[in-house]
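The figures here come from the full heavy-atom set of this structure, side chains too, leaving out hydrogens, waters and symmetry mates. Reminder, nothing fancy here: chain letters follow the sequence lines and each chain counts from 1.
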2 protein chains.
Amino acid sequence: MDGLTIQEAAATTGWSPRMLRYIERAGLLELGRSPAGYRLYGPEQLQRLRTLRQLLARMNFGLAELGFALRLRRDPELRAAVNRWLDAAPERPAHVAPDDWLRWEQQKHQALIAAAHTTEMEIA
Amino acid sequence: MDGLTIQEAAATTGWSPRMLRYIERAGLLELGRSPAGYRLYGPEQLQRLRTLRQLLARMNFGLAELGFALRLRRDPELRAAVNRWLDAAPERPAHVAPDDWLRWEQQKHQALIAAAHTTEMEIA
DNA sequence: CGCACCTTGACAAAGTTTTGGTAACGTTGC
DNA sequence: GCAACGTTACCAAAACTTTGTCAAGGTGCG
């Protein structure tokens, strides 16, 4: 049998089995199937899964966003529409502070940020 | 004064004032400001806002995704990383059913879908 | 056969985003 | 000066996503 089962793949990639199914469903990974329908994870898929974790962690975005990127590259009409809109976009590059991009609204963590700030001051 | 105020802009675009501020914060729209700091919506911005609604409605995605698209086009490093990952992607185009893309998990609406189904049958 | 694994589908807890509201304070115009 | 609007900041309801878990049933292998 050519490939690991989902549980083994989970063990070596750090994703949970649930997430592995989710990722497949998101269209981000294609898998072979055994005759009985078992997902088969080959070396290539395992590599991709590991890379995926780093990518998401380091560039700070999620599966949803990556899924949209994939959708963009696959659907020319969508790409065209999005580009058409963005082309009439802000001239000034990066008028938004870098961190604003990470998650638009820091609002979400007001309290936490305040707390972190306190901590920082204590650390400093 | 060159441009509508936020409330007027809301009235002619169909967005709520709250959302207009949100959109600006998301980096999707740049606005002029009056000396006192009031947002000024010119014809161009109004047009963009209207287009935006159609775009989101018709292509079925949200501000977050559009924001990511913008982030992609502005941040070459991000774009490179994403492309590198996607390039080793599924050969078969569109193996996912079209509707699967809209929102990956229909799961969310199980009950609603069931209800809708019932309705459909009654309609039919 | 029996045990441990797989499949899909559903439900739901947890976490985020989206959207609205409200408070405190400045501006515009009559 | 007052009414009607603007600003930001914060809280919170609603909606959605992410992730876990469980049930019902199929597969693999000793």
Side-chain angles (χ1 to χ4, degrees), chain A residues 1-11 13-28 31-41 52-53 56-57 60-68 71 97 100-115 117, chain B residues 1-11 13-28 31-41 52-53 56-57 60-68 71 97 100-115 117:
Chain A
M1 192 199 295
D2 195 41
L4 304 191
T5 65
I6 197 170
Q7 197 136 139
E8 296 165 327
T13 61
W15 295 99
S16 69
R18 178 69 171 81
M19 278 301 101
L20 291 180
R21 297 194 180 100
Y22 191 66
I23 290 169
E24 188 197 18
R25 190 137 224 260
L28 294 173
L31 297 171
R33 295 289 187 131
S34 82
Y38 286 22
R39 289 173 181 79
L40 295 179
Y41 292 84
L52 182 56
R53 306 202 101 222
L56 299 192
N60 198 84
F61 59 93
L63 294 175
E65 279 124 321
L66 192 54
F68 187 66
R71 196 182 156 195
D100 257 27
W101 266 118
L102 304 183
R103 299 272 156 233
W104 305 333
E105 307 228 331
Q106 316 84 325
Q107 141 199 319
K108 56 180 171 181
H109 284 152
Q110 307 133 324
L112 296 182
I113 284 169
H117 191 253
Chain B
M1 192 198 295
D2 195 41
L4 304 191
T5 65
I6 198 170
Q7 198 135 140
E8 297 165 327
T13 61
W15 294 99
S16 69
R18 179 67 171 82
M19 278 301 101
L20 290 180
R21 296 194 181 99
Y22 190 67
I23 290 170
E24 186 195 20
R25 191 137 221 263
L28 293 174
L31 297 171
R33 295 287 187 131
S34 81
Y38 286 21
R39 290 172 180 79
L40 295 179
Y41 293 84
L52 181 56
R53 308 202 97 219
L56 300 192
N60 199 83
F61 60 93
L63 294 175
E65 278 123 320
L66 192 53
F68 187 66
R71 194 181 156 196
D100 258 27
W101 266 119
L102 304 182
R103 297 275 156 230
W104 305 333
E105 306 230 333
Q106 318 82 323
Q107 142 200 320
K108 55 181 170 177
H109 284 151
Q110 307 134 322
L112 297 182
I113 285 168
H117 191 254

Whole angstrom value for the distance that separates C1' of C/dT27 from CG of B/L40 | 13 Å
Please give, in whole Å, the distance from D/dT7 C1' to B/L31 CG?
-> 13 Å
Between A/L20 and A/A10 the two heavy atoms that sit nearest each other are CD1-N, 3.6 Å
side-chain N/O A/S16 vs D/dT19 OP1/OP2, d < 4.0 Å | no
Below 4.0 Å: OP1/OP2 of C/dT19 and any side-chain N or O of B/Y22 | no
Approximate separation, where rounding is to 0.5 Å, of B/R71 CZ and B/F68 CZ | 6.0 Å
Hey, is the side chain of B/S34 poking within less than 4.0 Å of OP1 or OP2 on D/dG6, counting only N and O atoms?
-> no
Do any N or O atoms of the protein come closer than 3.5 Å to N or O atoms of nucleotides 21-24 of chain D, and which pairs are they?
{"from": "D/dT21", "atom 1": "O4", "to": "A/R18", "atom 2": "NE", "distance (Å)": "3.4"}

Below 4.0 Å: OP1/OP2 of D/dG6 and any side-chain N or O of B/R39 | no
Can a salt bridge be assigned to the pair B/R39 and B/E8 using a cut-off of 4.0 Å between side-chain N and carboxylate O?
-> no
Round to the nearest Å and state the distance from B/E65 atom CD to D/dC16 atom P.
-> 13 Å
Quick one: is D/dT18 close enough that its OP1 or OP2 comes under 4.0 Å of any side-chain N or O from A/R25?
-> no
Separation of atom CD1 in A/I6 from atom C1' in D/dG28, rounded to whole Å | 17 Å
Could you state the atom-to-atom distance from CZ of A/R33 to P of D/dG28 in whole Å?
-> 14 Å
A/I6 and its side chain to side chain contact (heavy atoms under 4.5 Å, CB included) partner, picked from A/Y38, A/Y41, A/W15 | A/Y41
With nearest nucleotides of DNA chain D determined for A/W15 and A/A36 from heavy-atom distances, which residue corresponds to the more 5′ nucleotide?
-> A/W15
Looking at D/dG28, does its base get a donor-acceptor pair with the side chain of A/Y38 below 3.5 Å?
-> no
Atom CG of A/N60 and atom C1' of C/dT17 are separated, to the nearest Å, by 15 Å
Figure out the CD/P separation between B/E24 and C/dT18, and round it to whole Å.
-> 16 Å
Which pair of heavy atoms, one from A/S34 and one from A/L40, lies closest together, and at what distance?
-> N-CD1, 3.6 Å
Find the distance between CG (B/L52) and CE (B/M19) and round it off to the nearest 0.5 Å.
-> 11.5 Å
Quickly work out the A/F68 CZ to C/dT17 P distance and round it to whole Å.
-> 17 Å
Atom CD of B/E65 and atom CG of B/L63: how far apart are they, to the nearest 0.5 Å?
-> 9.0 Å
